[in-house]
There are 2 protein chains.
Amino acid sequence: MDKRLQRSRERVLAAAYDVLVASGIGGFSVDEVARRSGVAKTTIYRQWPTREALVADACWRMVAEQEEETPDAGSVEADVESILSEIGRLLWTANWAAVVPSVIDAAERDPEFGEIHARIQAGHAAPLKTVLERGVARGELAADADVAVLAAALLGPLFYRRWFARQPIDEAFVQSLVRQVLRSPGTGR
Amino acid sequence: MDKRLQRSRERVLAAAYDVLVASGIGGFSVDEVARRSGVAKTTIYRQWPTREALVADACWRMVAEQEEETPDAGSVEADVESILSEIGRLLWTANWAAVVPSVIDAAERDPEFGEIHARIQAGHAAPLKTVLERGVARGELAADADVAVLAAALLGPLFYRRWFARQPIDEAFVQSLVRQVLRSPGTGR
DNA sequence: TCGCTACGCTACGGGAGCGTAGCGAAATGT
DNA sequence: ACATTTCGCTACGCTCCCGTAGCGTAGCGA
């Protein structure tokens, strides 16, 4: 295992990640990565056969940096509120938030990015679904509650605020959202 | 007023709209519009100074085709359900649904498209907000209900289903969503 | 030390797109 | 009927990007 391989590989991926965040998938170019990383374009093409492969790798790195923890404060409501607050905060601060729209756009036409997007999506929803399923098991939620529907009802408004209405996501918003969705007849409890 | 101007203008705009739907903003090119419309590229540039101007015009045409009616069935719940069902249907059928992600992506970096996106967004939310405000006036909803928050709680899950979870939006989903949001303590009633 | 491997560099060839120039032909409306 | 306007066409120049070839150099490992 040559150290040079690993070093240049790391440099390129870091630069690719930066370019991705700055320009999105549409504006991503190998030339730009070469400029920023200081690694020659020929060297890049020795490790990644095509532009798409490099973009995909940079996306996967983004997916990895987005893992979140699953809280366990005792009640479903507290856990859900904790998760939503964290996501709401990240939506306006994390790097990946600026890239997601271009990933969605790419996924609309390219299956490869469809899979990447599915993974990003799964990463967001996983902790929430875990918490909700725990709530069902504990009897805090109705036994026949549809976890997927609940997750959509909880996550959707956050994303809506960020990318559609372009309004801030404060604590009050999250709280009233959680109350609306979890304390309603349809949800049971 | 020369008829030739109007005719070529119409042809170009129609083709531009098609290209926009097929390729999104990122894949939009004047050359492609020229090829599809049969209008020479030079002629296009005589009426639109730049590519961006043509893209923007095509987007505005899209905005215009997206107007919806405001129902009035007597109860807030019925009206909201009607609106959400219609949007849920359009999200998987209408042309503009395939373009929205690229508009959001562009809006993330270009203020011009930010405004276009705001108009699209407003077009979606307008009928819903009207209905909700009517509900507040009638006393069906709490007097201090935040219409913007309610709109986010209702529209967000639909968009979430379409672009994030990629799951179908059926009647059952809309119904349970409406119940969850409108029949909860936070909303009043 | 010495062979192997990865590296950087320069230079390509090909393609696509933007926006422009010049000219002759056709449509317009007066 | 005739001047004006618009059109289509070909051909550019420019920029950016993809992906490749060849060569000399520097670093790695044994």
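Only a predicted model underlies this, so the values are computations on that prediction, with no experimental measurement involved. Just so it is clear: chains get the letters A, B, ... in the order the sequence lines come, proteins before strands, and each one is counted from 1.
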Presence of donor-acceptor pair under 3.5 Å, side chain of B:Thr42 and base of D:dC9: yes
Position toward the 5' end of DNA chain C (nearest nucleotide), B:Asp2 or B:Thr50: B:Thr50
Residue pair A:Ser85 / A:Val174: nearest heavy atoms and the distance that separates them: OG-CG1, 3.8 Å
Distance test, side-chain N/O of A:Thr43 to OP1/OP2 of C:dG8, below 4.0 Å: yes
Length of the line joining B:Tyr45:OH and C:dG17:C1', which is rounded to integer Å: 8 Å
Whole angstrom value for the distance that separates C1' of C:dC7 from CZ of A:Arg7: 10 Å
A:Ser8 vs C:dC7: side-chain N/O to OP1/OP2 distance below 4.0 Å: yes
Salt-bridge contact B:Arg61-B:Glu10 (side-chain N to carboxylate O under 4.0 Å): yes
Test: A:Glu108 and B:Arg162 ion pair at under 4.0 Å: yes
Atom pair distance, as rounded to whole Å: CH2 in B:Trp48 and P in D:dT6: 14 Å
Check: A:Ile83 and A:Leu154 side chains under 4.5 Å, non-hydrogen atoms: no
Distance, rounded to the nearest Å, where B:Arg35 contributes CZ and C:dA16 contributes P: 8 Å
Atom-pair distance (CG on B:Leu54; P on C:dG19), nearest Å: 10 Å
Polar side-chain atom of B:His117 near backbone of A:Trp163 as donor-acceptor pair, under 3.5 Å: yes
Sugar-phosphate, base or nothing in reach of B:Arg4, heavy atoms under 4.0 Å: base
Under-3.5 Å donor-acceptor pair between A:Lys41 side chain and D:dG19 base: yes
Under-4.0 Å side-chain N/O to phosphate OP1/OP2 contact, B:Arg11 with D:dG8: no
Under-3.5 Å donor-acceptor pair between A:Arg46 side chain and D:dG19 base: no
B:Ala40 or A:Pro49, whichever maps to the more 5' nucleotide of DNA chain D: B:Ala40
Euclidean distance, atom CZ of residue A:Phe28 to atom P of D:dG19 [Å, nearest integer]: 11 Å
For D:dA11, the Watson-Crick or wobble partner whose two distances fall under 3.5 Å: C:dT20
Euclidean distance, atom CD of residue B:Glu32 to atom C1' of C:dG15 [Å, nearest integer]: 15 Å
Spacing of A:Leu5 atom CG relative to C:dC4 atom C1', expressed in whole Å: 13 Å
Side-chain N or O of B:Arg9 closer than 4.0 Å to phosphate OP1/OP2 of D:dT6: no
